[in-house]
Every structure is written in C-alpha cells, then in structure tokens.
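First up is the structure itself, then whatever we jot down about it.
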Amino acid sequence: MSDSRKPFPFRDFEPQWQSRWENEKTFRTPGPGDADFDAKKPKYYVLDMFPYPSGAGLHVGHPEGYTATDIIGRYKRMNGFNVLHPMGYDSFGLPAEQYAIKTGQHPAITTAANIENFRRQLKSLGFAYDWDREIATTDPEYVRWTQWIFLQLYGSYFDETEGKAKPVAELEAKGWTRDQIDEVRLAFVANTPVWWSPDLGTVLANEEVEEWKSKGHTVERRPLRQWMLRITKYSQRLIDELDSLDWPDGIKMLQKNWIGRSEGAEVNFDVQGHTVTVFTTRPDTLFGATYMVIAPEHPFVSEITTAEQQAAVTAYQKACSSKSDMDRGDLNKDKSGVFTGAFATNPVNGAQIPVWIADYVMMGYGTGAIMAVPAHDERDHEFALRFSLPIQQVVQPFDDSDWQGYTAHGTAVNSGFLDGLPTAEAKAKMIDWLEGKGLGQRRIQYKLRDWLFSRQRYWGEPFPIVWKDGHHHAIPESELPLLAPPLEDYKPSGTPEPILSKATDWIQLPDGSIRETNTMPQWAGSCWYYLRYCDPKNTDRFISHEAEDYWTSSPHSSTPHSALETPHSGMVDLYVGGTEHAVLHLLYARFWHKVLFDLGHVRTPEPFQKLVNQGLILGEDGQKMSKSRGNVVNPDDVVSEYGADALRLYEMFMGPLEQVKPWQMKGVEGVSRFLARVWRLAIEEQDGESKISAKIQDVPCSDSTLLRTVHETIKKVGEDIEKLNFNTAISQMMICTNAFTQAEVVPLKEFTQLLKVLNPFAPHLTEEINARLGSSTMLSETEWPAYDPAALIRNEVELVVQVNGKLRDRFMISKDADEEAAKAAAFASPKVNEHLEGKTIRKIVFIPGKIFNIVAN
RNA sequence: GCCGCCGUGGCGGAAUGGUAGACGCCACAGACUUAAAAUCUGUUGAUCUCACGGUCGUGCCGGUUCGAGUCCGGCCGGCGGCACCA
C-alpha cells in the first residue's frame with residue numbers, strides 16, 4: 001500500500017488492543033465456581049466448529065464463520081448475556097501423521113507448532129474468545145475424558161423396550177454371561193467387511209471413504225476385526241429428534257437420507273427346506289414375485305446351489321469379490337447374475353420361483369435377499385428382461401400409464417385377497433396376513449451402518465482396553481489418560497496391523513494382559529468438545545453438573561421473537577460451520593450426546609440447538625480456492641495490507657452468510673475505505689500529528705434527519721444481527737457514516753452510538769476512536785444502545801400514485817394523510833390524469849403512507 | 001435417476017405481495033493539486049427522445065392479485081448431496 005493513501009493507522013492500534021484484551025482478560029467468561037460468576041445472568045453459548053490445525057494455517061473460510069459468531073457473541077455480551085464463545089483445536093488426525101512420516105518429526109511437535117500458528121492468526125483477528133478455555137483434543141487431560149466417554153459406551157447397552165442406553169451392570173445383575181453382554185455393548189468388536197486403505201494403513205468409516213478416495217488414496221473391502229459403535233440403535237431417535245432443532249432443512253434432509261429409513265415387511269420364503277427371509281417395502285406386490293435374488297456373498301448360496309449350477313455360481317461370486325475393489329458404478333450399468341438351480345416357494349400362492357444371485361442385491365442392506373417383482377420395480381424389470389424371467393402384473397395404475405415397470409401406487413390386481421385395494425391398504429392387509437400365518441412381519445429398515453470406530457494409525461487416542469484370555473476389558477478409570485508411547489517409526493506396514501503394535505513394551509502388561517493397539521478416529525475428540533469448553537479445567541469430571549446445568553439453561557430472552565433464541569432441546573445456542581460435516585461430525589456428536597443423555601451425564605437430548613452453515617468462499621475467478629488454481633487468499637496477507645477490521649468487515653459484507661460467494665479484493669478496499677471514513681470523522685491528521693476532528697462536538701443533535709438516520713441505524717443493525725444479516729447491517733452503517741460525513745457538525749453522543757453498533761464488527765477501530773475521544777470505558781464493556789422510537793418518526797412520507805399498478809407520480813404527503821387527502825393530491829396530478837384520460841375508475845386501493853392505486857379501464 | 005439449494009445491472013448483492021437495483025465495487029465527470037495519488041461531490045439497468053418524458057426489464061411459459069423478483073403450476077440452466085438401499 002502506498003503511503004500517500006493515508007489509511008487509518010490500523011498497524012499501530014490493532015495489536016495494542018489485542019494485547020490489552022488479552023492482558024485484561026476482557027472476554028473471560030465466568031462460570032459456576034468462579035468468584036465473579038453471577039448465576040442470574042442469562043447465558044448465551046455461541047460456538048464455532050474448531051479447526052484442524054494444518055500446516056497451511058487459516059484460510060479465508062475460517063474467519064467467515066468465526067467473525068459471524070464473534071459479532072453475535074460481542075452483541076449478546078453488550079446486551080447483558082454471559083457469553084460463552086470458546087476456541088480450540090481438533091488436533092489428532094491423519095495429516096499430522098502423514099507429515100511426520102515424510103519429515104521424521106514427531107506429530108506432537110508439528111501439531112504444537114501448527115496450533116501456535118493458528119492461535120497467532122486467530123488472535124490477529126481480534127476474536128473475543130475466552131482464551132482460558134482453549135482446548136486441544138490431543139491434550140492428555142482432554143484425551144483422558146475422551147477415553148472416559150468411550151468407557152461409558154463400552155459399559156452400556158441399548159435397552160430396546162425403553163429405547164435408551166443403560167449400564168451393562170444391570171444385565172450382569174440379571175445374570176447375563178460376559179459373552180452375552182459383549183454382544184450388546186454400544187462399543188463392541190466385530191469381524192465384518194470394512195473399508196481398508198493400504199496406503200493410508202488404516203480402515204475408514206463409510207462416511208469417510210469418499211473424502212480419502214478423492215484425495216487419491218485407494219480403499220478396498222476387507223473383513224477385519226474392528227471396534228464398532230452401535231449408532232444404528234439410535235437411528236429412529238436421530239431422525240425424530242431432528243424436529244426439535246433449528247437446523248437448515250438441507251442438513252436435516254441429508255441426515256435423514258443418510259440414516260435412510262424404509263418401512264416394509266420381512267417375508268419368509270421356503271427354499272428347499274431352508275428359510276430365506278427377504279425385506280420389501282412393497283409387500284402388496286407379493287403375488288407378483290416371480291423370482292428371488294440373493295446377494296452373492298449370502299451364506300445360503302452354498303447350501304442351495306445345485307450341482308449343475310455350482311461352477312457358474314462360484315465363478316460369479318469370484319468375479320463379484322474382485323469387482324468390489326473397483327468403482328462399482330461404472331461396472332454395473334448392465335445387470336448381471338446367475339441362476340442357483342434352486343427354487344423358492346412364494347408363500348402367498350405356492351408358486352415355485354427360481355432363485356438367482358446378482359450383485360445388484362447387497363449383503364449389507366436388509367437381509368441380503370429380495371423377492372423380485374419385475375412388473376413394478378425398475379431394477380427387477382431390467383433384470384427380468386435381460387434373463388427372460390416372467391413378469392406378472394399385480395398393480396393397476398390409477399391413470400392410463402403402462403403397468404410394465406410401473407412403480408408408483410395403484411390398485412392391486414391378480415393378487416387374490418388384495419384385489420381392488422389401493423397400495424397403502426394392500427400393504428397393511430398383506431402384512432397382517434403374513435403375521436397371522438407366521439410367514440413374515442412388519443419391519444423398519446435403515447441404511448445407517450454401525451460406526452467403524454478403530455483406526456490402525458498412531459496419532460489418535462488409544463483405546464482404554466486390554467485383552468486377557470481372549471476377552472476385552474476396560475482399564476480402570478484411575479489409569480486414564482492412557483497415552484500412546486513415543487515411537488520412532490510411524491510408517492504404515494501395508495498390513496492391517498496397527499502401528500502401536502510396534503510398541504512391544506507398552507503392549508505387554510505384567511499380569512499377562514495385552515493392550516488394544518487400535519486408536520480412535522479423529523471424530524472422537526470433536527464429538528464432545530463443546531461440553532468440555534463449559535468446564536475445561538475440571539479434573540474430576542468431563543464437565544461438572546453445575547457447569548452443565550448453567551450452560552444448558554434456556555437463555556432468558558431480552559429480545560423476544562429473536563431468530564437467535566428458540567425453545568431448547570440442544571445445549572449450544574448457535575453453532576456455525578460448514579456443510580461438509582452434515583453426516584459425519586454432526587451425526588456422531590448427536591449420537592454421543594444422546595448416550596451421555598441416556599446415562600444421565602447431560603440433561604439435554606441434543607448438543608446443538610441452532611445450526612447455521614456458512615457458505616463457501618470461492619476464489620476471485622469464481623472457482624473453489626485451491627493451490628493448483630493459484631486463487632487462494634491468505635488471511636495473513638489481507639490483515640497486513642488492510643487490517644483485521646477490514647478483513648472481518650469484508651467477509652461479513654460479501655453477501656448472506658449462508659451463501660456461496662466469490663472473493664473480490666476490490667471489495668476489501670471498499671470496506672477499508674468505509675472504515676477510513678469513520679476514522680476521519682473523528683480524527684484529523686495535520687503535519688503528521690493527529691487530533692480530534694473539529695466537527696466532533698459534544699452538543700445535542702439539532703439535525704433531525706441525521707438523528708433519524710442514527711436511530712434507524714441502531715434499530716436496523718440490532719435487528720439484522722439477530723437475523724444474521726450482517727451484510728445489510730453494514731450497508732446501514734455505511735449510510736449512517738455518509739450522513740455524518742455530509743453533516744456540518746458530528747454530535748459526540750450520536751457518533752458514539754454509531755461506534756457502539758459498529759464495535760462487534762470492527763472492534764479495534766471503534767475502541768481506538770472511542771478512547772481517543774476521551775472515554776476510559778471500552779465500548780465492549782458498555783451496553784448496546786437503545787434507539788429512540790420518537791426519533792424515527794417522519795412527518796412527511798412519499799406517496800406513490802399508481803394507475804393500474806404502474807407508477808405514475810409520487811409526492812410528499814403528511815404521514816397521517818387519510819384516503820381523502822391522498823385522493824385529492826393524486827387527482828391533482830397532471831401525470832396521473834394523463835393516464836386516466838378516457839377511462840372509467842373502477843376501484844381505488846389505498847395503503848396509508850405508501851400506495852394510492854387507481855384501477856381504471 | 002432421486003433429494004436439497006440457487007437463477008436480479010458490467011460485478012458482489014438490496015427489496016414484510018406495494019417506488020426493482022439499497023449498500024459496495026467497477027466506469028465516467030467535476031472539485032482540490034504544478035501534476036498524480038488519496039480525498040470530497042456528482043452520474044451510472046437497457047432503450048427511444050435535443051429535452052420533458054415514454055417503453056422494456058428480476059432464467060423461460062402460464063396462473064392468482066388492484067399490484068408478483070416475492071405466491072401457485074409447468075419447464076430450462078447452475079451448484080451440492082445420495083445413488084442398484086429392495
């Protein structure tokens with residue numbers, strides 16, 4: 001920046017205010033137990049998704065959400081709330097470890113350096129965090145409670161009748177054996193096909209597979225013994241309890257689709273003495289089931305395949321298992337399958353139907369077997385055509401659509417006792433019939449799978465588990481945290497053997513037991529960090545009852561009907577972050593929270609009451625920012641050239657928070673000019689000396705128009721912050737500033753009111769000006785100004801006259817003008833009369849103070 | 001294919017069913033300056049007109065309404081998610 005541009009001296013005062021806030025702990029949040037804690041003060045918990053401290057530092061997407069929450073937090077604070085606005089680091093994870101492999105530096109060292117850099121960057125933006133509550137998921141004290149929560153999961157089961165988690169101790173008391181108990185724990189060991197990535201050296205959760213594949217890593221399906229969390233038990237609650245949350249519909253929809261609830265029935269088919277159960281959402285079409293398909297991996301395949309078909313079946317199974325390594329989508333455009341030689345009996349009509357295997361039926365969903373109704377299912381229809389299998393119509397469309405491949409609802413036909421019934425009734429009747437005969441039952445099916453919770457890498461929380469005599473056992477809570485031993489070599493071996501298995505001394509315990517060597521995924525730490533912020537130093541519990549109680553209490557509403565305050569079933573009042581966590585972190589955290597809720601450790605059923613997704617910031621070229629495109633904007637550069645306030649303000653001025661929008665450096669200049677105008681209103685530079693502008697005078701505001709603009713600004717900025725409409729709030733402050741610029745005199749009181757409403761957006765600049773104007777109290781320690789309704793009143797308003805809805809004239813009129821007065825004025829207008837010529841007036845629509853519309857033809 | 005979000009000037013974007021384009025950027029002009037930068041003041045949707053003023057205009061087609069960017073129905077285009085889920 002050239003010196004001749006004379007910007008405001010942000011380089012001098014921004015760091016000064018930052019250190020003052022830090023030294024004076026201005027934004028420290030007192031909590032239960034603190035001497036200065038006031039339990040009567042309403043709380044407001046506003047949370048950011050904490051960052052993964054990568055080596056690259058903050059990108060401009062971080063300050064977008066962080067500034068939004070900072071404005072809300074500062075605003076709530078000025079409105080008398082005890083605001084919890086914390087920050088921390090999601091510091092476990094694969095990239096740190098990958099980096100360690102490359103450089104030979106221990107992940108603890110690189111992670112500490114990265115956190116240091118992130119903290120510096122965050123502080124340079126002037127966020128009002130309570131730094132005393134900062135946490136990192138890698139802190140031993142944090143690991144301890146992550147492991148403790150895991151032990152709660154390990155020590156619980158899901159009681160089906162009560163629909164909630166309970167301690168397994170209750171089962172012990174009832175005389176269950178340990179093997180029986182191990183079968184139902186919420187954290188359990190299973191040997192199932194999982195996604196294994198040889199080059200990452202770890203398994204991945206279903207939810208993570210796409211992300212890593214897109215980064216060029218390979219994954220393959222492989223049966224391995226792994227720790228799982230029984231999230232599926234919460235499927236229905238995870239769907240139902242979304243209703244109580246103030247989340248974007250899109251995110252709710254993503255979670256619902258991911259959980260994937262389907263209602264239907266299980267039907268038992270007899271296949272030559274074996275019972276094969278299928279799941280269907282269309283039991284009403286059972287009469288149209290002309291063949292059956294089971295997944296190639298289905299255990300029954302080997303039992304039912306006839307000798308003649310054995311070779312073909314085995315060959316097909318082999319082909320399918322190798323296929324799973326590759327992208328199935330491309331390979332499965334054409335249906336494939338093989339006849340097993342076996343026949344099933346259709347329970348409803350006794351028909352003998354052939355049993356096929358095909359890879360369009362998957363082992364992982366439902367029962368791994370389907371009844372095929374080719375007349376009314378697209379996939380079955382395609383398959384039947386391909387292999388010339390019979391197609392039997394059982395649904396008559398309501399309209400004149402072709403019944404072939406018709407999948408929507410209709411009327412049952414060729415279906416015995418269902419004939420004539422509409423689909424919904426036919427479904428119910430068929431299920432009743434099946435249940436009556438013991439041939440099937442009503443069934444709800446979910447797509448959600450249990451959560452694969454173990455990883456084979458080093459940089460994660462070790463499981464607090466030991467193995468003895470082939471059984472797993474929890475280690476005593478007194479031994480937490482269980483930290484991973486230092487290792488020289490983190491390199492994955494290419495086998496699913498966890499890295500910790502190299503730490504032979506650590507693994508082996510004196511009593512002969514062996515430590516579990518898997519580690520937890522990065523999600524573990526982020527599942528409960530919002531709880532720890534409430535009581536970050538507690539050494540007795542993950543959160544004290546008192547802290548939990550206070551920070552979950554409903555906020556006392558000082559501003560009714562605010563978008564920021566809704567009835568609470570979640571703890572955090574406002575959570576801001578990206579959509580990328582829709583089915584990952586946001587689902588996992590809800591699940592953990594519900595388990596903690598069931599076990600009585602927290603008192604709300606949900607973690608996050610209101611969720612807002614900030615929109616992605618694109619590069620100046622309208623493309624996603626990426627190193628390879630060279631369109632990445634570094635916040636450090638923006639801060640050094642324009643200052644923190646300009647960066648904050650620009651990110652809020654770009655457009656609606658939730659919208660995707662491109663970066664424009666010219667826009668940063670624009671808001672920087674605005675801030676400079678505010679500065680120059682108060683400060684004059686003369687001969688290198690700066691002094692208070694002569695226009696600033698401590699006198700009553702005599703200009704009623706200016707006064708009205710100021711009060712309109714106070715009103716609008718407050719209302720816009722409540723609605724998270726930061727861009728329009730800033731527009732209004734620009735209008736107000738322009739009004740001051742054009743005024744002869746800038747009254748101190750009104751100017752200070754502008755500084756106050758601007759303070760949450762541009763805290764450094766406003767504090768600096770306020771201090772220079774002689775105030776010894778920081779703006780952030782003052783109350784949010786109230787607007788004076790009397791100052792808003794306009795005596796004259798503009799009345800628009802329309803003829804047939806088209807604007808024809810406008811003029812100023814008294815705000816209280818009635819229809820008669822408006823009519824007189826309107827018909828006096830030559831412009832209006834011109835358009836009325838030769839027409840008959842049919843109707844008059846009068847909206848006082850706004851519109852006078854003459855309908856004529 | 002299914003689900004969700006979004007289409008407004010040269011650009012980012014404003015508009016409780018009531019003056020479309022606030023505010024900012026860009027551009028142009030004027031003031032200040034020896035000059036430039038910065039700053040301040042204007043103009044700035046398209047089009048016709050010397051002008052007054054008119055006409056058109058919120059992706060497209062239709063509907064409701066005195067009045068539609070906004071509500072309803074049907075398309076088209078872009079972005080994101082899921083994807084043989086029975």
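Excluded from the calculations below are hydrogen atoms, water molecules and symmetry mates; all remaining heavy atoms, backbone and side chain alike, are included. Proteins come first, then strands; the chains are lettered A, B, ... in the order of their sequence lines, and each starts at number 1.
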**Asked** Of the nucleotides G81(B), C40(B), C66(B), which has the atom closest to the T741(A) side chain?
**Response** C40(B)
**Pairing nucleotide - A15(B), Watson-Crick or G-U, each distance under 3.5 Å** = none
**Asked** Think Q742(A) has a side-chain N or O under 4.0 angstrom from the OP1 or OP2 of G42(B)?
**Response** yes
**Partner nucleotide, any strand, of C82(B) [Watson-Crick/G-U, under 3.5 Å]** = G1(B)
**Prompt:** Side chain of Q393(A), backbone of V395(A): donor and acceptor closer than 3.5 Å?
**Reply:** yes
**Prompt:** How would you list all residue pairs meeting salt bridge (charged side-chain N to carboxylate O under 4.0 Å, His left out) that involve residues 278-288 of chain A, not counting sequence neighbours?
**Reply:** R282(A)-D284(A)
**Short N-O contact, R261(A) and E263(A), less than 4.0 angstrom** = yes
**Request:** Can you sort out the partners of N833(A) under side-chain hydrogen bond (donor to acceptor under 3.5 Å, both in side chains), two or more places apart, ordered by chain and number?
**Result:** none
Expected rows: protein N/O vs nucleotides 19-23 of chain B N/O, under 3.5 Å:
residue: U19(B); atom: O2; partner: R810(A); partner atom: NH1; Å: 2.1
residue: U19(B); atom: N3; partner: E798(A); partner atom: OE1; Å: 2.7
residue: U19(B); atom: O4; partner: E798(A); partner atom: OE1; Å: 2.9
residue: A22(B); atom: N1; partner: S731(A); partner atom: OG; Å: 3.4

**Message:** If you compare all heavy atoms of P374(A) against all heavy atoms of P390(A), which two are closest, and at what distance to 0.1 Å?
**Reply:** CG-O, 3.3 Å
**5'-most by nearest nucleotide on RNA chain B - G655(A) or A369(A)** = G655(A)
**Prompt:** Listed by chain and number, what are the side-chain hydrogen bond (donor to acceptor under 3.5 Å, both in side chains) partners of E64(A), not counting sequence neighbours?
**Reply:** K661(A)
Could I get a table of every N or O pair under 3.5 Å where one atom is in the protein and the other is in nucleotides 1-11 of chain B?
residue: C11(B); atom: O2'; partner: Q664(A); partner atom: OE1; Å: 2.7

**Request:** Would you indicate what K661(A) reaches in the nucleic acid, counting non-hydrogen atoms under 4.0 angstrom: base, sugar-phosphate, or nothing?
**Result:** sugar-phosphate
**Pairing partner (Watson-Crick or G-U wobble, both distances under 3.5 angstrom) of U41(B)** = A29(B)
**Item:** Step-by-step side chain to side chain donor-acceptor pair (under 3.5 Å) determination, Y446(A) to Q236(A)
**Value:** CA-CA 9 Å; Y446(A) 302 91; Q236(A) 194 59 49; 2.3 Å; yes
**Test applied, side-chain contact (heavy atoms from CB on, under 4.5 Å); reference residue, V361(A); option that passes from V278(A), V293(A), T367(A)** = V293(A)
**Item:** RNA chain B: 5'-proximal contact among M654(A) and S262(A) (nearest heavy atom)
**Value:** M654(A)
**Message:** Between the side chains of R386(A) and E382(A), is the shortest nitrogen-to-carboxylate-oxygen separation below 4.0 Å, so that they form an ion pair?
**Reply:** no
**Request:** Please say whether the positively charged group of K335(A), taken as NZ for Lys or CZ for Arg, lies over the ring of F383(A), i.e. under 6.0 angstrom from the six-membered ring centre and within 45 degrees of the axis.
**Result:** no
**Item:** Complement of C71(B), any strand, by Watson-Crick or G-U distances under 3.5 angstrom
**Value:** G63(B)
**Prompt:** N631(A) and Q623(A): which non-hydrogen atoms are nearest, and at how many Å?
**Reply:** ND2-O, 3.5 Å
**Message:** Checking base pairs now: Watson-Crick or wobble, both atom distances under 3.5 Å. What partners U58(B)?
**Reply:** none
**Request:** Using a 4.0 Å heavy-atom cut-off across all strands, classify I847(A) as base, sugar-phosphate, or nothing.
**Result:** base
**Prompt:** Nearest of C25(B), C84(B), G81(B) to any side-chain atom of K666(A)?
**Reply:** C25(B)
Expected rows: protein N/O vs nucleotides 55-58 of chain B N/O, under 3.5 Å:
residue: U55(B); atom: OP2; partner: R808(A); partner atom: NH1; Å: 3.3
residue: C56(B); atom: OP2; partner: K806(A); partner atom: NZ; Å: 3.1

**Request:** Would you mind classifying the nucleic acid contact of V660(A) as base, sugar-phosphate or nothing, using non-hydrogen atoms under 4.0 angstrom?
**Result:** sugar-phosphate
**Prompt:** Which heavy atom of V855(A) sits nearest a heavy atom of N804(A), and at what distance?
**Reply:** CA-OD1, 3.4 Å
**Prompt:** So what does P248(A) touch, heavy atoms closer than 4.0 Å: a base, only the sugar-phosphate, or nothing?
**Reply:** nothing
**Syn or anti for G81(B) (syn when the glycosidic angle lies within 90° of 0)** = anti
